[in-house]
Structure formats: structure tokens, C-alpha cells
Amino acid sequence: MSLSKRYDPKVVEPKWIKKWEQEGTYKFNPKSKKPIYSVDTPPPTVSGRMHMGHASSYTQQDVIVRYKRMKGYEVFYPFGTDDNGLATERLVEKLNNVKGSKMDRNEFIKLCIKTLKEIKPEFIQDWKNIGMSCDFSIMYSTIDDHCRRISQRSFIELYKMGREYQMEAPTIWCPTCETAIAQVELEDKELESEFVNVKFKLEDGSDLIIATTRPEMLPACVAIFAHPDDKRYKKLFGKKAKVPLFNQEVPIIPDEHADPEKGTGIVMCCTFGDQTDIEWYKAHKLPLRIVITKDGFMNENAGKYKGLKIKDARKKIIKDLESKDLITERKKITHTVNVHERCGTEIEILESKQWFIKYLDLKDVFLKLGRKIKWYPEYMRVRYENWIKGLRWDWCISRQRFFGVPFPVWYCKKCGEIKLAEIKDLPVDPLTDKPKTKCKCGSNEFEPEKDVLDTWATSALTPKLAVELMDKSLWDKLYPMDMRPNAHDIITFWLFNTVVKSYLHDKTLPWKEVIISGHMQDPHGRKMSKSKGNVIAPQDVIKKYSVDALRYFVTNVSLGEDYPYKEQELIRGTKLMNKLWNAARFIEMHKEKGNESKETIADKCIINELNKVIKKATKYLDKNDYSNAKKGIINFFWGELADYYIEMIKYRLYGDNDASRNAAIKTLKKVYLDILKMIGIYMPFITEEIYRELYNKNESLHNQLWPKGGKVEKELEDAWALLKDIISKGRQYKLSKQLSQASEIEKAEITGPLEKLEALKEVIKGTLRIKEIVLKEGKELKVNFK
RNA sequence: GGGCCGGUGGUCUAGUUGGUUAUGACGCUGCCCUUACGAGGCAGAGGUCAGCGGUUCGAAUCCGCUCCGGCCCACCA
């Protein structure tokens, strides 16, 4: 076998994906004596196919992990999928053209499981296809029994610690998805709306004009607020006003949150129109008046508007107000509203019974924990801190969905007491399983909890989901884990929630360091999104270029940075592969003869330069800075080895001095091997192909040790610079005479540091094909050719 | 409103514990059919390091202000 003239990634890449799996190249060895490096691999949400953001962030973490593996760590790099909750339900609904809420619950869950089983192998294949060096035999799915058990156990433990409670509380609610959602699942959206100035009646019969964008909330109005210093309204504090159409009397109260600049400077408070209303509701102990149903209609508190959709009620109420001359002004505006990120529906705030994890009292602890984590890049910690400082709600962990991890909870029908499952019986489904013992009150009749857990309540346990797949004796070695890769948009929930759970359960951090990845944008620097139609699929990029080229591109960027898609960089990656391949073919052409070996100064210099780049790349990679490490490695390979060294040894390779040729081949092979190892973490396919052909048939490049590199010597560095300088001048001379670089030069006269030039003489002569060379001592370097 | 990141040749970018001619890529120009590679090789042009002020013998690098982009959070009656 020898290397083909052209490298064909379409054949080579699938071949190695298969072989690595067969050979167990990336298998975690629990019996290994090496120090362990454990990674909390993000489980992608099964909600479609792998997109560019995945391809880039997973490649970035993979490069770091591959480096650690070569540094001699036993790498624990599992894989998981996050496949429950709303995102997965939506996918299943789309694929099967059904609606979960319109189906029998069990049928829907069965359909979810069936659909997942069908689509998952292909889904996971995309991750294998980008060359992820995970041990795919260590795999979890957040809906499987293993994960259900751990998630339910977490619930029970936290409940017993007094960290969980159930409460009727104002909850952010999505009327489309018909579930409570978390603060973090909200998104801003610019929407057209209308400011309506409505007449309220004061006790003396005069009008009070209040501006609102939500007149349909008038029946929910429970108070009116103005700023305490607002001269216009000061005299009204303590008085009452009558709500138009609905006629309830509400107090007028001063509060600093009322903005005199907005609308008419006086505002109605409804339970609940927005989050400020909740603050006021709590602060001023206002009565509760809910007018909206859980599926987005008006309820009986809205009187004759009952049964109308929210938006229809708004229109109807405006019409009625107008017909009674209760509107003084209508003004079109665009404003930002909170919508549910998954469906884009404007959220409502409703009172409902939910489960919460109590953690607001621990904000300071979480801030301190955040400072103990090593953040890459460091400035991302600020987002974590801002989030914690801004937290105002406990963590609502119940969702009124179907496909998720059920609460291991029943309620006694007789006394209402909560009945928890036993940990040894987990996982349970309270809808089909029954408690094993009676209630304290003696009753045997239970009502199951129908809600499911927020997916983040489960995925905040990923370190345990992965570690507990292994034998118990390993748990302490694997956890806390070494590294968590995390995209910057989910610092506030996945990362934060994992810290929360790890602290609550174990009083420890879940990992030592986190690496934060950015987003890939379209070529113009805009967000990629289906609605804009500017999505670039990694599968297509791989088809057109190759996995290695894609990996080359996405590792150009530093951690945490957003960056536009650039086709040019894929071409650049392809060119690099071409260059690597041809260098390998060049090496393959030349074989050593005999045992003698005689080095030149060029050999010593290139080894010295190699040592330099190893040192530099290692330093960068130890800081997880793969992009700068890569730049150094590639510049060395292309700019020093290919452009200079190889040209400097050709005269020896094609000459008849065996000892000199042997030394050149040996040096070239050594330098190239270390380059392969270093580039291998970025471009694992082409490097493996070359390594097996040129160096070692039976072992993987990716299980070799990272090059150590010897001492860097200043003298050799200077010699190399001088040598390159003279070679470059020779090239310029030939160019200026329009001569081929292969042509001979009759005579050269070089003035400079004589002793140093003497040492370089042979290499200069050979490389530039100079017949006669004269050296002279002088301060400045001067080169004359004839 | 609070905060974070960035602004370096036409484009993207390295370099920030201050120190000789500011890194590399793409693009551009010219030359080379050189036995690894034309998706190549060799060479060249192109920069007041966003602006202003300060610290210093010396600033892309440190400090202050301003402008411009991007992002996060809060607000969004």
C-alpha cells in the first residue's frame, strides 16, 4: 500500500469512523492507572438534526479532549441525548402530524418513545460523523430508566432536605403549550401593539385617564399606581377609582416603580398583566383576580367576555369602551414583549399550583461557587453572576406536559398528604404504579401527580447521569468532573442549574472548569434561523468539503466568540489537507540506505524550531486556547518545514551521500510525525490515514503521546533566521533574472558574521545550487550573485 | 437603565505583565511548466493599530473620555 496521488475524504472519513469504533480507540478503560480526565458532555436535545452550532461547539470541545488524551489522561468522555420535554414533544408532533394535548396521554407517550427509537440512531450518527472522540458505549438518554431513577431520586432527596415545596403562585404561563415555563425560557419579541387611554372614574365623578396596552385586563384590575413624587397624582393617593365597564373600585397607591414618563404617568395593576404586577401584588398585598384561563381564553371573572380568546376580548372591549366614549386616545406602538421561546406565544401570568426548588436564599453561595470554577473565557463568569443577582423566583420545576420524567409523588385522597415513592423502587410512574404502603392516615387511595419535571431538573444532573453508568467504585474518581463544555446561551440555566443541584446534593462543584462556546452566524454575521432561511447545514458542508475541513474552520475561533460562516476557511482547510498529504507522499518517496547518518545545520535548526512550536502549542492548549495553538502548528508546518526545510534537503535526498540523505530523511520523518500528532487533534481523519501508512499500521495516532519537545537554543534560532534570509535573497535574485528556482548560480559572495556563515555554507550552496561560494567577514549581511 | 466583548492594510485576524523594521490568511500585482504539491511555488504592493487626551525615555499594549459594532440582563402600564 502506498499513499494515493489524491486524498479522498469521502472514502477515508467513513472508514475511520467505523474502524475507531471497532478498535475501541476512544474507549474509556476503567482499569487504567492513568489519571482520569472526565468530561460532562452536553447531551444534545433531540428536536431535529445537528446544526452548525452543534458542529462547531462539539468540535471545539473534542479538540481539547483529544489533547488531554494525548497528554496521557484516561479520558472519560461519555455521550447522552436529552430527549424529553417540550422540544421533543414538538418534534414528535411534527413528524407524526399529531397534537399531544388532543391525544390520550399514554398513547402519546408511546408514540414519543417509538418515534425516538426510530430517529435516534441517525441523530447520533451526525455526532459520530464529525469525529467526536466520545466513548459512545457510555451513553444515556434523559428519558431512559437510568436517568428517570436518578432524576426522581434527586427530587426525593431534595424534598427530604426541605428544599422543595408546592405552592399556588403566580407562574409564567404559556397558553399555547399550556404549561408553566421558567423565567429563562422567555424571549423578547418586537410586536405591534396599541396604547389605549381609558377613562377611569374618580369618586368625585371626574375622569382619570390611564394608558394601557392590555384593556382586556381591565376586569383583573386591582389597584392603580403612580410615582410618590408625581405632583399630578399626589392628591389622589388613598382615594379610589372605578374601573370602566367592570365597575370595581380600586385604590390609588404610590409606588416608585410607576414611571411618570410613561403613558399618562399613572398605571393600572392587574393580577396579572406583567411581572411588575406580581411585585405590586406581593408588596401591597393586593387581592387576586384572574381573568384568563390556562388555554388562553377569558374566564367568568371577565363577565360577558367569558369564552373569548384574549386578543378577541381586547378588540371587543376596545369597541365597547369606544361606544361608551371611555377612550380618549389610541396610539399604535411597537413594544417588546415576553414570548415563550419555543412557540413565540405571548406569555401570561397565572396562579397555579407548582413545585419549586427553594434556592433564592443561596444566591451568595452560588456566586462564591462560580468564582471557584475556572472559566474559559474568564469573562463569561459575569453572565453567570448577573443572572444570579437578578434572580427573583425560586426554580419552578413542574411542567404540565406529558413526555417527561414524572414526579415520584402521589397525594392521599383522604387527607391530601404527599406520598413519596421509595428510592429503591425508582423509577416509578405514579399514573400506573401505586405506592407500596398506606398513607399515615391509613388510607390506601391515592391521586397521582400528573405533572412532569422540567427537563432542566434532569439535565442539571448530567454529571451523575454519566458517572453512574459506571461501576460504583469509579464514582469518586469521575465526579466532580474535570470539564463542562457549555454554549454561552445556556449558562443561565444548564450551567447554573447543574451548580445548584451539585451543591444541594453534595455540597460540591460539579466540575473544575467550564469551556464556553459561541454561536455560528451566517456569512453576514446574522443569527442563523429557519425563519430567515439562512441556515447552513453541517451535513452539506461535510459533503462538499470534508469533516476535517469543517473542523479546521470551527477551530479558528476562540472559545466564547460568535463568528460568521466563512466558506473561504473551508477552502483553506482543504488546501492544508492537500499540503499535508503531499508532504506525506514526498516522505514516502525517500527511503534510508544503510545505517550511517550525518546531520547538517539545517537538521539541527528544524528540530530546534519544532521544539519551539511544541512548547508554544502546549502552552496555549494548557489554557484551552486551541485556535492559537493551531495557528502556530500550521504556520510551522507550512512556513518552516514545507517552504524552507524540505527545499533545503532536496539536494541531499537526490544526491549520492547516503549518510547525509539518511539524516535528512530521519529528521524530516521525526518532525513530520510530531506535526501529525499536533494537527491530529484538529483533523483526525487525514492525519490518522497518513500515520498508519507512514509510521504505524497497528495503532491509532490518537492514542499516541503528545510530543514533548526538547530545549530551544538561541544560537540555532539565529542560525535558522540567517539561513532563511540568505535563501530568500537567492530566490529573489533568480526571480529578478526571470530564472527558474531550479537553475544554478555560478558564484555567490556573502558578507556577514563569518563564523556563522561558514556553518551554513554547505546548506546554502546545496539549496540555491551555487557552484562557487565566497564568504567574507562584515557587520551587515550582503549577498551578491553572479 | 446596568453590565460584558470587540474596533489592527480592501476583508478577517495574531499580538495587551509597555521595548528593536506589527503576525498570519483571503483578495490584489508580478514572476516560475523547480522531479511532494498549480487547491502549488517564489516575490511584491498595501497599515496615522477607531478618535481625542493622559502616564512614560518609549504605547496597538496602561489610564480617562468620545464614537462605532455585537451580546447579556433589567424594563417593556
Side-chain angles (χ1 to χ4, degrees), chain A residues 3 5-7 183 188-191 193 195-198 210-215 217 221 224-226 257-259 262-270 273-277 280 333-338 377-392 488-489 491-492 518-519 521 525-527 556-558 560-564 566-569 571-590 627-628 631-632 634-635 638-639 642-643 646-647 650 653-654 727-743 769:
Chain A
L3 297 170
K5 185 142 194 243
R6 285 258 161 203
Y7 173 70
Q183 189 177 344
D188 283 354
K189 200 168 165 187
E190 284 276 328
L191 283 179
S193 183
F195 241 132
V196 184
N197 286 7
V198 182
I210 294 183
T212 177
T213 54
R214 300 202 62 186
M217 296 304 289
C221 180
I224 291 168
F225 287 99
H257 289 288
D259 180 356
K262 247 180 205 164
T264 53
I266 189 158
V267 55
M268 66 172 184
C269 168
C270 309
D274 64 28
Q275 300 208 38
T276 320
D277 289 342
W280 282 329
I333 53 159
T334 50
H335 66 164
T336 7
V337 292
N338 282 142
E378 166 69 30
Y379 62 78
M380 284 293 176
R381 197 190 57 233
V382 176
R383 292 202 190 181
Y384 170 92
E385 296 197 348
N386 282 346
W387 176 254
I388 293 173
K389 286 175 190 160
L391 270 181
R392 291 193 289 176
H488 66 45
D489 56 337
I491 288 174
T492 52
H519 283 160
Q521 305 153 330
R526 290 172 313 199
K527 206 171 174 176
N556 276 351
V557 195
S558 296
E561 276 176 34
D562 293 339
Y563 52 101
K566 268 195 281 183
E567 187 123 27
Q568 200 50 247
E569 289 303 311
I571 294 169
R572 174 84 189 144
T574 310
K575 286 181 180 178
L576 172 65
M577 288 161 68
N578 209 18
K579 192 82 180 171
L580 268 175
W581 188 253
N582 283 309
R585 285 177 57 221
F586 181 73
I587 291 172
E588 200 178 37
M589 279 170 56
H590 302 282
S627 67
N628 277 318
K631 256 173 221 161
I634 287 163
N635 286 346
W638 208 314
D643 289 348
I646 287 182
E647 296 306 319
K650 278 183 178 168
L653 297 177
Y654 296 115
I727 299 297
S728 179
K729 285 194 160 62
R731 286 169 171 170
Q732 282 172 47
Y733 169 75
K734 289 181 185 180
L735 202 57
S736 70
K737 298 273 173 200
Q738 299 211 351
L739 294 168
S740 139
Q741 291 297 332
S743 62
R769 306 192 186 186

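Lettering of chains follows the sequences in order, A, B, ..., and the numbering in each one begins at 1.
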What is the distance, to the nearest angstrom, from the [atom1] atom on [X] to the [atom2] atom on [N]?
{"X": "I587(A)", "N": "C37(B)", "atom1": "CD1", "atom2": "P", "result": "14 Å"}
{"X": "E647(A)", "N": "G40(B)", "atom1": "CD", "atom2": "C1'", "result": "11 Å"}
{"X": "E588(A)", "N": "C37(B)", "atom1": "CD", "atom2": "P", "result": "14 Å"}
{"X": "L576(A)", "N": "C26(B)", "atom1": "CG", "atom2": "P", "result": "11 Å"}
{"X": "R381(A)", "N": "C5(B)", "atom1": "CZ", "atom2": "P", "result": "11 Å"}
{"X": "M380(A)", "N": "C72(B)", "atom1": "CE", "atom2": "P", "result": "10 Å"}
{"X": "D643(A)", "N": "U34(B)", "atom1": "CG", "atom2": "C1'", "result": "14 Å"}
{"X": "Y379(A)", "N": "C4(B)", "atom1": "OH", "atom2": "P", "result": "13 Å"}

Taking the side chain as every heavy atom from C-beta outward, state whether [X] and [Y] have any atom pair closer than 4.5 Å.
{"X": "K575(A)", "Y": "K579(A)", "answer": "no"}
{"X": "M268(A)", "Y": "T212(A)", "answer": "yes"}
{"X": "I210(A)", "Y": "N197(A)", "answer": "no"}
{"X": "D277(A)", "Y": "M217(A)", "answer": "no"}
{"X": "S627(A)", "Y": "N556(A)", "answer": "no"}

Base, sugar-phosphate alone, or nothing: which one does [X] contact when heavy atoms must sit under 4.0 Å apart?
{"X": "F195(A)", "result": "sugar-phosphate"}
{"X": "A642(A)", "result": "base"}
{"X": "D259(A)", "result": "base"}
{"X": "M589(A)", "result": "sugar-phosphate"}
{"X": "Q741(A)", "result": "base"}
{"X": "S743(A)", "result": "nothing"}
{"X": "K734(A)", "result": "nothing"}
{"X": "S740(A)", "result": "base"}
{"X": "L735(A)", "result": "base"}

Which listed nucleotide ([options]) is nearest to the side chain of [X]?
{"X": "N386(A)", "options": "G3(B), C37(B), A39(B)", "result": "G3(B)"}
{"X": "Q568(A)", "options": "C32(B), C71(B), C26(B)", "result": "C26(B)"}
{"X": "R383(A)", "options": "C37(B), C71(B), A14(B)", "result": "C71(B)"}
{"X": "V382(A)", "options": "G2(B), C4(B), U35(B)", "result": "C4(B)"}
{"X": "K575(A)", "options": "C26(B), C37(B), G44(B)", "result": "C26(B)"}

Tabulated below should be each protein N or O lying under 3.5 Å from an N or O of nucleotides 74-76 of chain B; please produce it.
| residue | atom | partner | partner atom | Å |
| --- | --- | --- | --- | --- |
| A74(B) | OP1 | Q183(A) | NE2 | 3.3 |
| C75(B) | OP1 | R392(A) | NH2 | 2.4 |
| C75(B) | N4 | D188(A) | OD2 | 3.4 |
| C76(B) | OP1 | T276(A) | OG1 | 2.5 |
| C76(B) | OP2 | T276(A) | OG1 | 2.8 |
| C76(B) | O2 | T336(A) | O | 2.5 |
| C76(B) | O2 | T336(A) | OG1 | 2.6 |
| C76(B) | N3 | T336(A) | O | 3.3 |
| C76(B) | N4 | N338(A) | OD1 | 3.1 |
| C76(B) | N4 | N338(A) | ND2 | 3.0 |

Is any side-chain N or O of W638(A) closer than 4.0 Å to OP1 or OP2 of G41(B)?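 Yes, W638(A) has a side-chain N/O under 4.0 Å of OP1/OP2 on G41(B).
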
Is N582(A) close enough to A39(B) that one of its side-chain N or O atoms is under 4.0 Å from OP1 or OP2 there?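 For A39(B), neither OP1 nor OP2 has a side-chain N or O of N582(A) closer than 4.0 Å.
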
5'-most contact on RNA chain B: D562(A) or R6(A), nearest heavy atom basis?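 With D562(A) and R6(A) compared, the 5'-side residue is R6(A).
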
How do K729(A) and N578(A) order along RNA chain B: which one's closest nucleotide is nearer the 5' end?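 Going by which nucleotide is closer to the 5' end, it is N578(A).
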
Would you call the rings of W280(A) and F225(A) parallel, tilted or perpendicular if under 30° counts as parallel and over 60° as perpendicular?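 The arrangement is parallel - the two ring planes meet at less than 30°.
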
Can you tell me the base-pairing partner of [N]? Count Watson-Crick or G-U wobble geometry only, both distances below 3.5 Å, and say none if there is no partner.
{"N": "C37(B)", "answer": "none"}
{"N": "A14(B)", "answer": "none"}
{"N": "G30(B)", "answer": "C42(B)"}

Taking only residues two or more places apart in sequence, or in another chain, which ones meet R214(A) in a side chain to side chain donor-acceptor pair (under 3.5 Å)?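 Per chain and number, R214(A) pairs via side chain to side chain donor-acceptor pair (under 3.5 Å) with E216(A), E348(A).
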
Nearest-angstrom distance, [atom1] atom, [N] to [M]:
{"N": "A60(B)", "M": "U23(B)", "atom1": "C1'", "value": "13 Å"}
{"N": "G9(B)", "M": "U48(B)", "atom1": "C1'", "value": "12 Å"}
{"N": "A74(B)", "M": "A14(B)", "atom1": "C1'", "value": "37 Å"}
{"N": "C75(B)", "M": "G2(B)", "atom1": "P", "value": "15 Å"}
{"N": "G46(B)", "M": "G10(B)", "atom1": "P", "value": "12 Å"}

Holding to ring pair (Phe, Tyr, Trp, His ring centres under 6.0 Å), I want the full list of residues that pass it with F586(A), two or more places apart in sequence or in another chain.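 Ring pair (Phe, Tyr, Trp, His ring centres under 6.0 Å) check on F586(A) returns H590(A).
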
Could you tell me if R572(A) sits above the aromatic ring of W638(A), with its cationic atom closer than 6.0 Å to the ring centre and no more than 45 degrees from the axis?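 The answer is yes; both the distance and angle limits are met.
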
